[in-house]
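Remarks on the structure that follows.
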Amino acid sequence: MSNNFVNNFINQAKPIIPNIKGNKEIATPVPSDGYMLPSRIFGSPKRALKNLKNDVVTIKKGAQGKANDHELGRLNDLAMKAGSLLLAAYLFSTKPFKTSKAMEFVGFGSFFASMALWPKLFIQAPIKARTGVDIHRKYVDSFGREKMFFQDPQYVPWSLMSQAEIDKMGDKLKISKDTPNRNAVIQDTARKTAVQGNTLWMYTAGFATPLMSALICNFAEPKIDGLILNSNLKSTQKHLENSSLTLLQRIKHGFELRQGQKFIKSLADKPLDSKTISEIAQKFGNDNLSVSQTLESSLQRLAKEARLNSVPMNKNNLGEVISKVAQRAKLPSDVAFELEDVVTKLGTREISSATLSDIADKLAGMAAKGNKFQQKKLTGAFTEALTEVFEAQRVPKTSAVADKLTNLSQVMANLKAKTGIFDRFFAARTKATPGTLLGKQYTGFSQEVIEALGLKPTLFGGKKLLSDDEVIRHIEQFVESDKFDSTIKSLDGRIETFHRDFDTTSVFKKMKETLSQAGEHMRGAGFGEVADKMTGAQPSLTRTLRALGFKEGEEVSRDALAKAFRDVLGNDQKKMSVSGIFERETGIQIGDNMDKLKRSIEDFVSGQPGSSMRAMRTEAEERILGAQSSFYRTIQTFDIFKKIKNGTLRTQLENISVDGQAARLTPEEVNEAIDYAKKFITKGTIVDHSDKARYMNTQSGKRIHDAVMRVLFDDGEFPTEIGSPALKSRMRAYKSEVKSKIVDIMHSVEAPHNQRWMSETVEHMQGITKHNLVGEPIVDSVKNGVQNMKNSNKWLKIFGTAFLALVGITLIAGTQFGKHNKKAEKEGEKTNG
Amino acid sequence: MANYLEQLFPSVYSHYLTPEVKPQSAPAASEQPKLYNNASSLLIDFLNQNGIVNAAVQVKTPEIASAPIDYHNNLKTMFKNNEANILGVIIRTFNAKDRVGNQLIRKGDEVGTFNNAVERLDEVKGLGINTLHVLPINPPGKKNALGTAGSLYSPADFLKIDPNIIDKNDSRTDKEQVQNFNAECHKRGIKTMLDMPSCGSFDMFEKHPEWMAIDENGYAKTPGGWNDIKMLNPWKDESKRELNPDLVKLHKDFVDWAMELGFDGLRIDVSRTKPPEFWQEIIDYSHTKDPEFAWLAETYTYEDASPQINMNYDRPKDALKAGFDSYYGQYHIYHEWENAKEFHDYIIDNLKMSYEFDKGKSVIGSFGTHDDNSLMEHGGPDFLKQVAAVEATIPMLNTYFFDGFQSGDDYRYDFDKQQDEYTETDSHDCFVHTGRPDIFNLSRPLIGKHHDIGQFMRSALKVKENYKDLITKGSYIPLAVDKNPEDKLIAFARHYKGKTIVVIINKDVNKAQHGSVMIPGLSEKQTLKNLFQPYGDQSVVQAQDGKINVEMGKSRVVAFEINTPDIENSGLPVYKQNL
């Protein structure tokens with residue numbers, strides 16, 4: 001029956017005209033507040049910066065406990081990076097060398113780069129290429145936060161993805177267009193693919209990140225070396241050009257010396273215990289942690305020595321000890337008198353710890369007055385007290401080792417000075433380490449030779465040990481190969497570059513010019529003028545200014561600086577003059593005119609005997625000579641082998657007159673001479689005593705030796721046949737030097753590297769080793785070079801193999817993703833009953 | 001007690017003094033005589049105890065209505081005008097009788113039915129309620145079910161009525177009993193909205209697979225965490241956005257069925273399970289039959305993606321665009337908002353959003369629904385009173401309360417996590433969501449001990465009624481509060497055609513808060529008369545030029561009418577709903 005309280009409208013006979021417009025807009029979903037970010041492997045820097053900004057804001061939220069899971073996760077990432085950066089900075093400060101310092105940050109960067117790159121390159125990209133699913137696709141949510149689209153498989157904002165994109169994914173996933181609810185199937189499959197991909201990421205990241213990081217560092221290190229070298233070369237050149245720093249460095253040296261002495265004096269009455277030792281080590285440690293640590297252990301040894309050498313404990317000073325202990329133990333005076341008996345009975349023998357124990361027992365007995373129990377307790381107490389005072393007495397005062405400390409301070413001051421401008425200038429260029437210009441060029445030359453000989457170790461192959469004969473065999477193959485001429489041309493170019501970089505004329509010319517300028521500034525200049533020059537915004541002056549007593553940020557006026565100089569250098573009127581300081585510190589006499597100054601500079605730069613400049617120059621020149629001689633020797637080796645190959649050497653040996661022009665070598669001797677020449681030029685030593693006996697002590701052997709030496713070193717008669725005219729000219733000079741300084745004078749061809757050869761004919765080459773003149777034999781240089789390359793390859797081999805294996809497994813695993821249940825699609829619906 | 005009842009139900013009380021009684025159904029011989037007239041269960045129990053009423057054993061089949069009246073639905077307009085005051089009820093518990101006292105309705109007890117629900121309608125009316133949200137009335141599925149009666153939201157059949165909520169002693173059909181209930185509501189000026197579940201039960205899945213969402217392996221999709229229900233599939237082809245015609249037809253049939261039963265609108269459970277074009281079609285269809293048929297969407301806030309597997313994301317704007325009149329909104333997390341700023345921001349966002357759609361879209365006062373823990377947990381009776389006052393004064397809102405709110409029911413059940421031998425499903429677990437109204441079992445009515453809340457609620461809705469235009473149409477002006485560092489004092493003004501009220505709320509449920517509410521144009525001579533009944537801790541207010549100094553007790557709300565006709569031009573930000 002009808003109910004009049006039920007809505008009347010429904011019961012009306014007339015249909016209601018719908019209040020709907022004919023072309024009413026269909027209610028599709030309102031556009032989402034977030035948006036998808038483009039699908040690419042590498043994100044935009046702009047967005048990265050925005051994310052960083054959001055993360056910083058999140059720090060405050062986190063501290064207030066208002067951050068959500070996503071934000072906390074990002075805070076964790078930020079904290080990890082900040083913490084690692086701090087760690088890298090700390091390790092940076094402890095490393096002694098610039099490259100190893102820089103590598104700390106490379107390591108930091110490569111670790112995080114690997115964390116980011118591994119999934120992008122080996123998981124995300126291959127899966128996307130195969131299935132169309134970008135598992136690390138990102139989007140920006142309605143709060144402006146960047147998130148991964150598939151981060152949470154139960155929270156995927158599909159509404160942000162266009163239908164076209166979803167369809168495209170479906171096509172790539174090979175989901176048939178006729179599949180019922182195709183969208184749902186695509187989304188489900190994509191979601192599963194993302195879960196699989198992210199799981200694979202989690203499984204592999206732990207291995208991949210350190211492996212990739214190690215490989216990045218391995219490849220980066222040589223590049224870093226190169227960058228640092230360029231930087232060193234520029235900065236040392238710049239420092240040399242800056243006359244203010246030149247002067248300041250010298251002043252600083254003197255200042256350091258005086259400060260060191262003052263410091264030692266201040267510690268005179270202090271015991272040389274761990275605390276004092278630590279103080280000294282830090283003071284003289286040149287702000288370098290490893291130097292300070294080394295100093296500390298040296299000082300501890302010094303203290304131990306001093307202790308051992310200190311006055312031994314005997315009855316005289318033992319009396320003092322016991323009286324102190326008696327005071328501490330508050331023994332009555334009659335007991336104290338009895339103590340004297342104990343001491344007297346000891347005699348003069350030296351006190352040892354056993355004696356101390358004996359004394360303690362007697363003291364305890366006297367104090368306990370027959371109470372055995374108390375005596376036992378007191379024995380322990382007395383032993384402890386005696387030992388403590390005894391040991392304290394034996395610690396020497398610092399004044400006992402003042403002389404040694406003064407020497408130490410001078411050494412450290414010198415060390416600091418040695419790392420001054422001139423030393424740094426030379427060190428950047430000529431130190432025989434891979435990080436210097438010379439080292440780099442030497443290594444480059446050596447590696448090119450190794451490669452030309454076909455001996456470059458491969459990543460996964462190569463023998464463990466290379467024999468001399470193998471090297472020789474490769475040289476023989478090389479000289480008849482197609483690449484011989486081009487290699488010689490390339491090596492020629494390297495030698496030219498070397499000479500250009502290490503032309504001492506140009507290096508020292510620059511030095512002279514700058515010192516002239518410095519001298520000119522100093523003449524007649526007061527402290528004020530110097531202070532004017534120095535106060536011109538030089539960041540590197542800060543530390544020295546602080547050492548002079550100026551505080552950080554304090555404005556340094558010329559008058560204040562002048563006063564500081566005076567205070568440091570004492571009140572000597574003569575020493576107060578700037579030119580006086582300059583002259584004293586550098587040894588350069590400014591004089592009253594430019595000519596005198598120039599002459600003085602010339603002498604300074606030349607390096608007068610006994611001067612530090614002389615020492616520096618000699619060291620540098622030896623290294624330069626050693627390197628260039630090795631280059632020439634290599635060229636000579638190739639020349640000889642080439643001559644052997646094309647028969648020239650045989651012809652030369654057959655025709656060479658021996659025994660004072662009277663004879664020729666027999667055919668057998670020619671053959672032997674060729675072998676001898678090969679052995680000599682490649683190894684540079686007579687291999688064993690039998691060879692020495694043959695070539696030094698037999699007629700035939702001597703003839704062979706002489707003939708070989710002539711063809712090797714007499715360039716006038718037997719010139720070098722390979723290389724450019726400039727190179728040939730250099731080879732002539734080289735051979736001539738070796739001939740005149742070694743071959744003609746010494747018959748022994750053994751040249752241990754540490755044997756010094758003295759020649760009176762060359763003034764400035766005193767102390768030059770024979771080894772540096774002759775150069776390193778090619779067998780040694782090749783074998784060492786190959787071993788070095790293998791060593792650096794060793795880690796590359798291990799990490800590289802492991803990395804490639806991991807990449808392979810990951811890529812194969814990725815091919816299994818993106819599959820959906822086609823069988824169910826065909827069979828239709830099922831129930832879950 | 002009698003005086004109290006007289007105050008509360010004066011018309012009912014006087015009615016009982018008349019000799020003539022009109023019972024509506026014949027009681028069973030074995031049962032005590034009962035009264036089935038227009039009285040609340042409280043009153044009946046009282047009267048029965050006093051033995052005032054003797055019901056006849058044999059009764060006539062009653063007529064359904066008295067005089068013929070043309071009834072017209074205007075619920076849609078009520079929503080548009082923010083005039084609806086809604087109470088959510090579960091028919092099978094609404095007027096159930098737990099005689100045994102174990103909180104489960106079993107033998108010896110009486111299940112709530114449409115018939116006995118009528119007895120409480122005057123009580124409902126007395127509270128100021130003018131709309132009932134009737135939770136689903138379909139028979140629950142029995143397989144893989146939760147609870148001993150099955151979830152209300154796990155229907156076995158969308159177009160049938162649960163036999164449990166039909167009075168078997170009444171010869172009328174189930175439909176007629178429902179129609180009678182709706183008629184009685186309409187007589188009292190109470191509209192009714194029927195709740196339509198979003199998913200189906202396992203039983204439904206077996207019977208109607210064509211309605212269901214199936215995954216690629218052929219299994220019906222289960223929304224994450226709701227293991228007793230299965231998702232319906234709104235799509236024929238989602239990529240082309242073609243709707244599932246079977247499901248569309250089902251929903252249209254449901255609309256027809258609801259209208260036939262006399263309901264004035266639908267409350268759609270989890271509206272996001274279907275896309276906006278789906279709802280647009282259904283809503284437009286409903287308006288061809290009844291242009292005033294109202295639609296309420298259960299949708300809360302924008303989600304980038306759904307955190308629930310197999311469930312779509314929540315987008316209120318989609319629902320409003322599709323034609324829904326009102327939606328749930330985020331007031332259910334009101335208790336979590338830390339300060340006044342969050343409160344103002346939310347209201348302002350909604351007011352601004354209203355301009356993106358047709359005029360009159362609104363939110364309901366979803367501070368506490370059947371899906372939320374009892375508000376008693378968040379601050380006791382005083383908090384519930386605060387909620388009532390807030391609902392009565394904020395803009396763009398149709399007030400909403402769930403049964404039990406008016407008496408401070410804590411929705412705790414002794415049978416929670418226990419088993420019962422008696423069950424109508426395949427489960428013996430008396431499953432409930434602890435702290436929430438039971439929708440899984442036949443259980444006690446939702447009646448607490450704090451009836452003062454209902455009194456306050458009535459008075460708050462009266463305030464809304466008295467300042468109807470101002471509250472439903474007026475502007476919203478957030479007011480700054482000085483010297484309240486914790487920002488727990490919420491203050492705002494409502495203004496309409498020269499009339500202003502200011503509302504001040506202490507959001508802190510634990511302690512008093514003090515501060516100065518800055519009101520440009522306020523005179524120190526302003527008399528401050530609180531529009532709300534006082535409750536809880538005392539509050540002190542003092543007017544000064546340009547401000548009101550307050551010391552508010554915990555959870556207190558005060559409202560004053562003030563003389564600031566130019567407040568909208570005082571430079572403060574002013575927000576209005578799109579009406």
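What you see is a predicted model, and the numbers here were worked out from it, not measured in a lab. Naming: A, B, ... by sequence-line order, numbering from 1 per chain.
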Give a yes or no on this: more than 12 heavy atoms of other residues, nucleotides or ligands lie within 6.0 Å of atom NZ of K175(B).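 Result for NZ/K175(B): open.
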Is it the case that more than 12 heavy atoms not belonging to K120(A) sit under 6.0 Å from its NZ atom?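 Yes, the 6.0 Å shell around NZ holds more than 12 heavy atoms from other groups.
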For [X], is it the side chain, the backbone, both, or neither that has a heavy atom closer than 4.5 Å to a heavy atom of chain A?
X       : result
E338(B) : side chain
Q308(B) : backbone
K221(B) : side chain
P307(B) : both
N310(B) : neither

Does the side chain of [X] reach to within under 4.5 Å of the side chain of [Y], using non-hydrogen atoms?
X       : Y       : answer
Y313(B) : S32(A)  : no
P29(A)  : R241(B) : yes
S239(B) : D167(A) : yes

Ignoring hydrogens and geometry, is there a side-chain-to-backbone donor-acceptor pair from [X] to [Y] under 3.5 Å?
X       : Y       : result
K321(B) : T28(A)  : yes
Q280(B) : A27(A)  : yes
D304(B) : S142(A) : yes

Sort out for me which of P157(A), G170(A), G34(A), A184(A) touches chain B most, counting heavy-atom pairs under 4.5 Å.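 Option with the greatest count: P157(A).
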Heavy-atom proximity to chain B below 4.5 Å, by part of [X]:
X       : value
Q163(A) : side chain
D188(A) : side chain
V156(A) : backbone

Got a second to check how far K240(B)'s NZ is from N183(A)'s CG, nearest 0.5 Å?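 CG of N183(A) is found 11.0 Å from NZ of K240(B).
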